[in-house]
Protein chains: 2
Amino acid sequence: MVIDINLSNLAGPKLPNPPSIPQPSLARLPQYHHYLVDLEARGITRISCSQIGGDLGYIPVQVRKDLQYTGIIGKPKTGYSVPELIRSIETFLGWNNINEAFLVGAGNLGTALLGHERFSKFGLRIVAAFDTDPEKIGLWIHEKAVLSLDQLSDLAQRMSVHLGIITTPAEAAQAVADEMVKGGIQAIWNFAPVKLRVPENIIVHNEDLYSTLASLSWKLARRFNVPIQEKEAV
Amino acid sequence: MVIDINLSNLAGPKLPNPPSIPQPSLARLPQYHHYLVDLEARGITRISCSQIGGDLGYIPVQVRKDLQYTGIIGKPKTGYSVPELIRSIETFLGWNNINEAFLVGAGNLGTALLGHERFSKFGLRIVAAFDTDPEKIGLWIHEKAVLSLDQLSDLAQRMSVHLGIITTPAEAAQAVADEMVKGGIQAIWNFAPVKLRVPENIIVHNEDLYSTLASLSWKLARRFNVPIQEKEAV
DNA sequence: TTAGACTCGCTATATGGTTATCGATATAAA
DNA sequence: TTTATATCGATAACCATATAGCGAGTCTAA
Ligand SMILES: NC(=O)c1ccc[n+]([C@@H]2O[C@H](COP(=O)([O-])OP(=O)(O)OC[C@H]3O[C@@H](n4cnc5c(N)ncnc54)[C@H](O)[C@@H]3O)[C@@H](O)[C@H]2O)c1
Ligand SMILES: NC(=O)c1ccc[n+]([C@@H]2O[C@H](COP(=O)([O-])OP(=O)(O)OC[C@H]3O[C@@H](n4cnc5c(N)ncnc54)[C@H](O)[C@@H]3O)[C@@H](O)[C@H]2O)c1
């Protein structure tokens with residue numbers, strides 16, 4: 001994996017309802033999706049697991065298992081229908097229904113996310129940003145209004161927004177999460193490198209860039225600096 | 001749970017040298033690091049696995065195993081020395097030696113990364129950006145020069161830069177990766193949602209935001225729209 | 001000084017995801 | 001029409017990681 005860091009249960013203690021699909025499989029589905037959309041654009045209508053696996057670097061069995069979770073059924077010899085498979089993944093992931101989201105922390109990273117039009121293709125629409133910096137409140141960033149954090153919980157309730165994105169400094173993240181929970185937000189996408197304390201039923205996913213960085217620098221260090229460690233390594 | 005997605009073997013086929021630390025453990029180390037730095041700032045000098053686990057949502061055994069990979073040794077009853085533990089993690093991850101990096105794709109996301117000062121605390125210094133857009137070449141973004149992509153491989157060799165960051169659109173990512181490999185870059189941090197084809201010995205980590213998004217929307221969909229699926233779920 | 005409790009470190013087991021194997025089926029070519 | 005081949009779907013073996021259990025050491029407090 002790139003090492004997936006997947007981590008997979010990086011998030012925390014056990015879930016009440018274990019998911020019916022392995023987390024790593026879930027994480028691979030978007031990759032297949034990107035690949036398939038590209039195929040479709042090139043006019044290819046049918047595809048086999050062996051082909052997908054060959055192109056993406058997985059063994060065919062794994063691809064087949066992953067795809068089976070979406071409920072698709074293929075035909076022997078010919079494989080799957082590309083458009084059907086794309087629809088199957090999208091439906092399975094809930095990318096047909098748009099999730100509206102609030103983003104908090106209109107800084108470097110927040111601005112980048114606000115400007116990412118393509119999210120709407122994947123079921124995500126960021127409808128507003130929030131901040132505490134008076135300089136930022138009132139601005140429009142990538143056609144989205146930056147509002148005061150005070151308004152968040154009230155607006156989230158009134159607009160039935162269920163998804164929150166946190167791109168504030170680490171110190172502020174917990175307070176922001178509390179505010180989101182107060183507003184009835186169900187799921188949080190957290191870019192700050194802290195473990196959030198939220199009620200059991202709230203879904204939290206951390207996007208920890210430092211985890212990836214750690215893997216990279218560990219491997220680079222191992223490769224360059226330290227043939228000494230080589231022998232220590234198991 | 002958060003569920004980390006990192007998946008960890010999201011990246012691809014097997015590595016030649018299996019790492020001496022499980023990928024999930026590697027991904028958790030930065031979390032401990034953040035937590036410990038916070039503790040140190042608050043003047044706490046000793047810490048136990050139970051305490052760490054309680055605060056971060058892991059069971060003590062797992063914390064202990066993870067930390068053991070860094071080579072730290074604790075004392076019964078008192079636990080670990082906080083500053084010693086921080087140093088141990090930093091050394092293990094190679095965060096003491098700075099890795100210089102080139103970033104390609106000075107767009108939304110690239111700009112955010114270029115502006116992130118704190119990376120230098122974690123062994124990463126982005127020294128220059130590259131782009132193909134004539135409007136961008138020649139600009140300075142967050143005190144870093146934006147150069148033409150043509151110069152990349154030559155400069156990478158001359159400056160001995162070993163790490164490359166890709167924040168271009170998906171279509172351009174493969175060509176950029178090829179250019180990086182040509183320049184002798186050893187490790188690539190890829191934010192574009194594509195599988196890169198690179199020689200065996202190149203380290204690639206994908207930061208696939210869509211994977212996280214997929215998990216979130218799958219869970220939200222499961223929660224809201226479809227009690228029907230509830231019974232299908234295993 | 002001594003009893004007690006807490007925590008580390010090691011070894012063993014359990015869980016879950018990945019990989020291999022096998023039979024069935026549809027397509028294509030003979 | 002028949003035969004060969006590729007692929008799917010399901011089951012089973014395998015492996016990595018997470019969890020549990022146990023013994024040993026050290027600090028605290030009586
Ligand atoms: N930018 C990156 O490349 C990058 C990389 C890795 C991790 N991160 C993480 O992402 C987060 C954001 O990073 P950034 O570079 O965008 O930071 P930033 O400083 O550019 O932006 C943070 C924003 O949050 C706002 N903010 C501060 N306190 C707030 C509060 N209590 N409520 C609401 N808003 C508040 C600030 O006004 C600012 O607009 C950080 O936690 C950082 O560790 C960023
Ligand atoms: N911005 C986000 O929030 C976000 C979220 C998820 C994924 N991503 C991914 O990150 C990548 C970058 O996203 P973005 O929003 O920053 O895009 P962007 O369009 O803002 O920036 C892309 C930059 O790459 C440059 N570029 C294009 N072709 C190039 C080439 N061949 N060589 C060098 N540079 C080239 C462009 O000139 C532009 O400056 C995309 O692959 C996107 O899918 C971004």
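A note on names: the letters A, B, ... follow the listed sequences, proteins ahead of strands, and every chain is numbered from 1.
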Would you please classify the geometry between the B:H116 ring and the A:Y210 ring as parallel, tilted or perpendicular, with 30° and 60° separating the classes? tilted
How long is the line joining CG of B:D66 and P of D:dA18, in whole Å? 7 Å
Could you check which of D:dT7, C:dG9, D:dT19 has an atom nearest any side-chain atom of A:S48? D:dT7
B/S/- along nucleotides 23-30 of chain D (protein heavy atoms under 4.0 Å) is --BBS---
What integer distance in Å separates A:Q62:CD from D:dC15:P? 16 Å
Holding to salt bridge (Lys or Arg N to Asp or Glu O under 4.0 Å), I want the full list of residues that pass it with A:E100, two or more places apart in sequence or in another chain. A:R125
Side chain of A:I73 - closest among C:dC8, C:dT21, D:dG9: D:dG9
Exceeds 12 heavy-atom contacts within 6.0 angstrom, atom CD1 of B:I44: yes
Give the rounded distance in Å between these two atoms: CZ of A:R64 and C1' of C:dT25. 13 Å
Measure from the side-chain N and O atoms of A:T70 to the backbone N and O of A:I89, and report whether any donor-acceptor pair falls under 3.5 Å. no
Is any side-chain N or O of B:R46 closer than 4.0 Å to OP1 or OP2 of C:dC8? no
Measure the distance from NZ on B:K65 to P on C:dT11 and round it to the nearest whole Å. 10 Å
Would you call the rings of A:F119 and A:W189 parallel, tilted or perpendicular, where under 30° means parallel and over 60° means perpendicular? perpendicular
In whole Å, I'd like the distance from the OH atom of B:Y69 to the P atom of D:dA16. 12 Å
Evaluate side-chain contact (heavy atoms from CB on, under 4.5 Å) for B:L196 paired with B:I166, printing each intermediate quantity in order. CA-CA 11 Å; B:L196 299 176; B:I166 300 182; 3.9 Å; yes
Can a donor-acceptor pair be found between the side chains of A:D178 and A:Q174 at a distance below 3.5 Å? yes
Whole-Å distance separating the CG atom of A:L85 from the P atom of D:dT7: 15 Å
From C-beta outward on A:P24, which listed nucleotide comes closest to its side chain: D:dT17, D:dT7, C:dG17? C:dG17
Can you check the B:I47 CD1 to C:dC6 C1' distance for me, whole Å? 14 Å
Closest to side chain of B:S25, choosing from D:dG9, D:dA18, C:dG17: D:dA18
Name the closest nucleotide to the B:V61 side chain, picking from D:dT19, D:dA18, C:dT7. D:dT19
Using whole Å, what does the distance between atom C1' of nucleotide D:dC14 and atom CD1 of A:I59 come to? 12 Å
